[in-house]
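Side chains are part of it too, since the values below use all heavy atoms of this structure and drop only hydrogens, waters and symmetry mates.
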Amino acid sequence: MPELDKGLSEVVNKHIKAVGPSGIREFDQKISSIPGIVKLTLGEPDFNVPEHVKQAAIKSIEDNKSHYSVQKGIIELRRAISRYLSNRTGVDYDPETEIVVTVGATEAIFSALTSMLNPGDKVIVPTPAFALYFPIIQVAGAELITIDTSDDGFVLTPEKLQKALDENGDRVKAIVLNYPSNPTGVEYSQEQLQALADIISKHHMFVLADEIYNELTYGVKHYSIAKLLPGQTIVVNGLSKSHAMTGYRIGYFAAPKDFVTNAAKMHGFAVTCPSNPAQYAALEALTNGLEDAVPMREQYNKRRDYIAKRLEEMGMEIALPQGAFYIFAKIPDTINETPVEFATDLAEKAKVGVVPGSAFGPGGERYIRMSYAASDEDIKLAMDRMSAYLLDRVK
């Protein structure tokens, strides 16, 4: 095995060196080798990709759709995305100039943020939040500004946003809003978004609206902030959650033309273009599979209610999710441990895998995240084991 030349040990991007690994993935890997463990760690739907979507990918291979696509993605898919966004957000995006198909929503987030940020810029992220935002902001040389929402039902209030803007001035270039939220499942209402938009509209800053879970809401309607701030919003979405297509790696972003012109360059430098079979599968999903998420959503809703009931019986506080497929549960006050210590002990003794809330930034220090994108059998077994574990601990 080759050993790095000693003279090259410090030849490294200083920003990437300073960033740690994903707390979610790192903890998941740490506990995965425990025999018999039931994992509620990753946001990985347990459903299969709809059959007609799979067949579209297969047909594209049979039809020799095997060459590079244009960097922004095949125009048929961008047109389908444009129609979808017009229906879901109320904003019309030009498929030629305002939409880019990416390698998952992750790459959409990366390309959007790195194409806008310069060293010294600042980005606001309400926390707890999906941890991927943090390192991308840091690698771009920008400064992460977190706002702890745990005392406000995990919703960013206009008062806290205004305070952060007053303290950081015009160096704030963007705010990241993910809703329904990973890890809390909290959704923003139209009224809550309007209150934030009233403040944001007075500043020269972007809104990165990560709406990857917009098809998975329970009893509420998803409303996009792009409708309120079309000239400032970058909408990020994809097919991973709505169609269980996590491995296909198809996402996209939509924004005003002048922003997309530069962000499309970053996308092209990073990945050249998306995979053709995945693009044709996504085209089918957005053309003939707009209702494919409905049965998944109904099942997730049942699982959410079941886990919420079981956790409440255990005496654990939760914020009842209105979307996505996660429950953010508070560690009982009688247990004086960090989230990592608690989650590790739960994994080793009860063989239940969860994610420490500290992986999601300030506000998560007394919480754990559980994904209900697992099978009904695994969820029931995990709840039974967790119940016995907590009962034993409070004796």
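Residue H222 comes nearest to E187 through the heavy atom pair ND1-OE2, 2.7 Å, listed as atom of the first residue, atom of the second, then distance. Between P277 and I61, the shortest heavy-atom distance links the atoms CG-CG1, 3.8 Å.
The environment of K380 atom NZ is sparse: at most 12 non-hydrogen atoms of other residues, nucleotides or ligands sit within 6.0 angstrom. For CD of E337, the number of neighbouring non-hydrogen atoms (other residues, nucleotides, ligands) closer than 6.0 Å is greater than 12. Within 6.0 Å of CG on N87 lie more than 12 heavy atoms contributed by other residues, nucleotides or ligands. Atom NZ of K227 has 12 or fewer heavy atoms from other residues, nucleotides or ligands within 6.0 Å. For D170, the CG atom is loosely surrounded, since the number of other residues' heavy atoms within 6.0 Å does not exceed 12.
Using a 4.0 Å cut-off between charged nitrogen and carboxylate oxygen, K160 and D152 count as a salt-bridge pair.
Aromatic ring pairs are classed by plane angle as parallel below 30°, tilted from 30° to 60° and perpendicular above 60°; the pair F325 and Y300 is tilted.
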Check against side chain to side chain donor-acceptor pair (under 3.5 Å), N276 and H67
CA-CA 8 Å; N276 276 317; H67 303 287; over 6 Å; no
Check step by step if side chain to side chain donor-acceptor pair (under 3.5 Å) holds for H267 and Q71.
CA-CA 8 Å; H267 157 76; Q71 288 193 327; over 6 Å; no
Would D94 and T97 satisfy side chain to side chain donor-acceptor pair (under 3.5 Å), going step by step from the backbone distance to the final call?
CA-CA 6 Å; D94 182 353; T97 62; 3.1 Å; yes
May I have the step-by-step check of side chain to side chain donor-acceptor pair (under 3.5 Å) for T246 and E44, ending in yes or no?
CA-CA 7 Å; T246 51; E44 177 74 29; 2.8 Å; yes
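Partner of I136 under the side chain to side chain contact (heavy atoms under 4.5 Å, CB included) criterion, chosen from L117, I109, V176: I109. When each of Y326, F130, Y179 is paired with Y213, the ring-ring contact (aromatic ring centres under 6.0 Å, His included) condition holds for Y326 and for no other. Just one residue in the list V236, T184, D210 forms a side chain to side chain contact (heavy atoms under 4.5 Å, CB included) with N178, and that residue is D210.
Side-chain N/O atoms of K39 and S32 include a donor and acceptor closer than 3.5 Å. In summary, the side chains of Q279 and S69 do present a donor paired with an acceptor at a separation below 3.5 Å, with no hydrogens or angles considered.
Within the 3.5 Å criterion, the main-chain N or O of Y93 finds a donor-acceptor partner in the side chain of S82. Between the side chain of R78 and the backbone N or O of G73 there is at least one donor-acceptor pair closer than 3.5 Å.
By the 4.5 Å heavy-atom criterion applied to side chains, I335 and R393 are counted as neighbours.
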